[in-house]
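Each ligand, and each atom within it, is numbered from 1 in the order the structure gives.
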Amino acid sequence: MTRAARADAAVHAPGTVVEVRDTPVPYQLASRAHHPADTLITIRPGVELGGRRVLLMGGPCAVESEAQLMAAAEATARAGGRVLRGGAYKPRTSPYSFQGLGAEGLRLLDLARRRYGLAIVTEAMDEEGLERVAEVADLIQIGARNMQNYSLLRAAGRLHKPVLLKRGPSATLEEWLLAGEYVLAGGNGQVALCERGIRTFAHETRNTLDLSCVPLLKALTHLPVVVDPSHATGSWPLVAPMARAAVAAGADGVLVEIHPDPEQALSDGPQSLSLPQFAELAASLPLIARAVGRHV
Ligand code: PEP
Ligand code: MN
């Protein structure tokens with residue numbers, strides 16, 4: 001059996017490599033050694049993640065109404081985005097917060113897909129809802145809170161649909177890659193990883209965007225890497241700068257929360273870009289992508 005391995009250098013004195021040996025990494029299928037070429041995920045025909053083209057994904061945190069979702073979908077398509085996000089089932093910190101429209105939210109996402117030709121990314125919160133979400137989603141999101149929900153990961157591994165696996169708020173890269181390994185080991189090779197900020201001592205932002213994980217993951221794994229600057233910062237003025245930084249760092253995609261009226265949003269308004277702000281961000285990305293050998 002070929003074991004995924006990485007070169008491990010033991011340095012005796014500064015600058016002196018005395019021993020180089022292969023040590024196995026625990027995430028065998030996810031490792032770059034197992035699969036040296038980048039994995040290219042086809043979300044739907046013509047919409048790929050992991051190639052030279054950086055994938056722009058936009059949409060509201062939660063689907064709230066037909067008017068809200070269609071406005072966001074139109075803005076996403078017009079900005080060159082090809083994937084519409086929107087939660088129908090929302091994992092909220094408080095049980096008293098808006099929990100999403102559920103099945104009606106899925107129906108509206110399906111309508112937006114037909115109307116605007118966008119692919120859909122939306123979250124499956126539990127095993128029970130996975131099949132229902134998979135009927136509408138082109139890309140199934142597994143949220144940060146569920147990164148180590150192993151029964152959900154196993155169930156996602158049995159699907160023939162791409163999975164966007166968000167990083168747990170306190171997960172190391174190894175724990176995150178091992179979570180992805182559950183999906184891969186189940187037979188589903190279409191896994192993308194989404195950095196959405198981790199919990200640190202810093203309280204000025206909702207989370208801390210670990211941008212160095214992008215080039216690190218590129219070295220460790222063949223799986224595409226997405227950055228969500230919205231949950232990573234929690235604050236709309238920081239979203240566009242961090243989205244640009246993500247593209248510069250080599251992210252394969254960015255996932256951005258937008259809302260036609262952020263102040264009235266039922267969830268995550270403070271981190272949502274208005275539609276004109278999203279258009280402005282999208283217009284700035286091609287130049288940055290070009291600087292790192294990509295396009296949008
Ligand atoms: C979301 O994308 O709306 C979401 C809840 O994200 P996370 O799981 O990263 O908190
Ligand atoms: Mn959100």
Side-chain angles (χ1 to χ4, degrees), residues 55-64 68-69 72 76 81 83-95 97-102 105-106 108-109 119-126 129-130 133 136-149 152-153 156 162-171 175-176 179-180 183 191-200 205-211 213 225-236 238-239 242-243 246 251 253-274 278:
L55 190 61
L56 180 60
M57 303 183 254
C61 176
V63 179
E64 297 171 4
Q68 174 244 21
L69 188 66
T76 298
V83 180
L84 177 68
R85 63 151 290 144
Y89 301 92
K90 294 302 303 176
R92 302 305 302 278
T93 303
S94 164
S97 299
F98 175 60
Q99 305 284 310
L101 295 180
L106 292 180
L108 292 173
L109 287 166
I120 301 296
V121 57
T122 192
E123 176 164 355
M125 287 218 305
D126 43 45
L130 186 59
V133 167
V136 170
D138 299 291
L139 176 63
I140 298 165
Q141 179 169 316
I142 294 186
R145 294 159 186 80
N146 266 323
M147 190 206 83
Q148 287 178 312
N149 179 339
L152 180 60
L153 295 172
V163 170
L164 184 70
L165 179 61
K166 290 191 132 191
R167 181 181 187 176
S170 62
E175 287 162 344
W176 188 11
V183 182
V191 178
L193 303 166
C194 180
E195 160 65 24
R196 44 77 73 205
I198 50 174
R199 180 159 293 191
T200 68
T205 49
R206 181 177 179 180
N207 291 290
T208 297
L209 176 58
D210 177 14
L211 205 50
C213 85
V225 180
V226 170
V227 170
D228 168 353
S230 309
H231 293 89
T233 62
S235 171
W236 72 263
L238 306 179
V239 170
M242 292 302 97
V254 286
L255 178 70
V256 180
E257 286 187 343
I258 67 174
H259 197 286
D261 187 356
E263 290 193 357
Q264 299 303 317
L266 297 181
S267 71
D268 287 349
Q271 68 192 35
S272 298
L273 293 186
S274 69
F278 182 62

- line: In this structure, atom 6 (O) of ligand 1 is nearest to the protein heavy atom Lys166 NZ, 2.9 Å

- prompt: Does Asp268 come within less than 4.0 Å of Lys90, counting only side-chain N to carboxylate O?
  reply: no

- prompt: Counting each atom of ligand 1 from 1 as listed, which ones have a heavy atom of Arg196 under 4.0 Å away?
  reply: 7 (P), 9 (O), 10 (O)

- prompt: Hey, which atoms in ligand 1 end up nearer than 4.0 Å to a heavy atom of Ala144?
  reply: 7 (P), 8 (O), 9 (O)

task: Would you give the length of the straight line joining atom CD of Glu257 to atom CE of Met57, rounded to the nearest 0.5 angstrom?
output: 12.5 Å

field: Reported CE-to-CD1 distance for the pair Met125 and Ile142, which is rounded to 0.5 angstrom
entry: 12.5 Å

query: Who gets closest to atom 2 (O) of ligand 1 by heavy atom: Gln271, Arg85, Glu123?
result: Arg85

message: Could you check whether any heavy atom of Arg167 sits closer than 4.0 Å to an atom of ligand 1, since that is the contact criterion I want to use?
response: no

statement: Separation between CD (Gln68) and NE2 (His259), nearest 0.5 Å, reads 4.0 Å

- prompt: Hey, what's the angle at the Mn ion (ligand 2) spanning OE2 (Glu257) and SG (Cys61), nearest 10 degrees?
  reply: 100°

Contact (N/O only, under 3.5 Å) between Asp268 and ligand 1: no

field: Flag, side chain of Arg85 to backbone of Cys61, donor-acceptor distance under 3.5 Å
entry: yes

query: In the protein, what heavy atom is nearest to atom 4 (C) of ligand 1, and what distance, to one decimal place, separates them?
result: His231 NE2, 3.5 Å

- request: Give the numbers and elements of all ligand 1 atoms closer than 4.0 Å to a heavy atom of Glu257.
  value: 3 (O)

- prompt: Which atoms from ligand 1 have a heavy atom of Gly143 less than 4.0 Å away?
  reply: 8 (O)

- request: Hey, could you give me the OG/CD distance between Ser272 and Glu263, rounded to the nearest 0.5 Å?
  value: 11.5 Å

Polar atom proximity, Arg145 to ligand 1 (N or O, under 3.5 Å): yes

NE2 (His231) to the Mn ion (ligand 2) to OD2 (Asp268) angle, given to the nearest 10 degrees: 90°

- prompt: Taking atom CZ of Arg196 and atom CG of Leu164, what is their separation to the nearest 0.5 Å?
  reply: 12.0 Å

field: Test applied, side chain to side chain contact (heavy atoms under 4.5 Å, CB included); reference residue, Leu101; option that passes from Leu69, Leu109, Leu266, Leu108
entry: Leu108

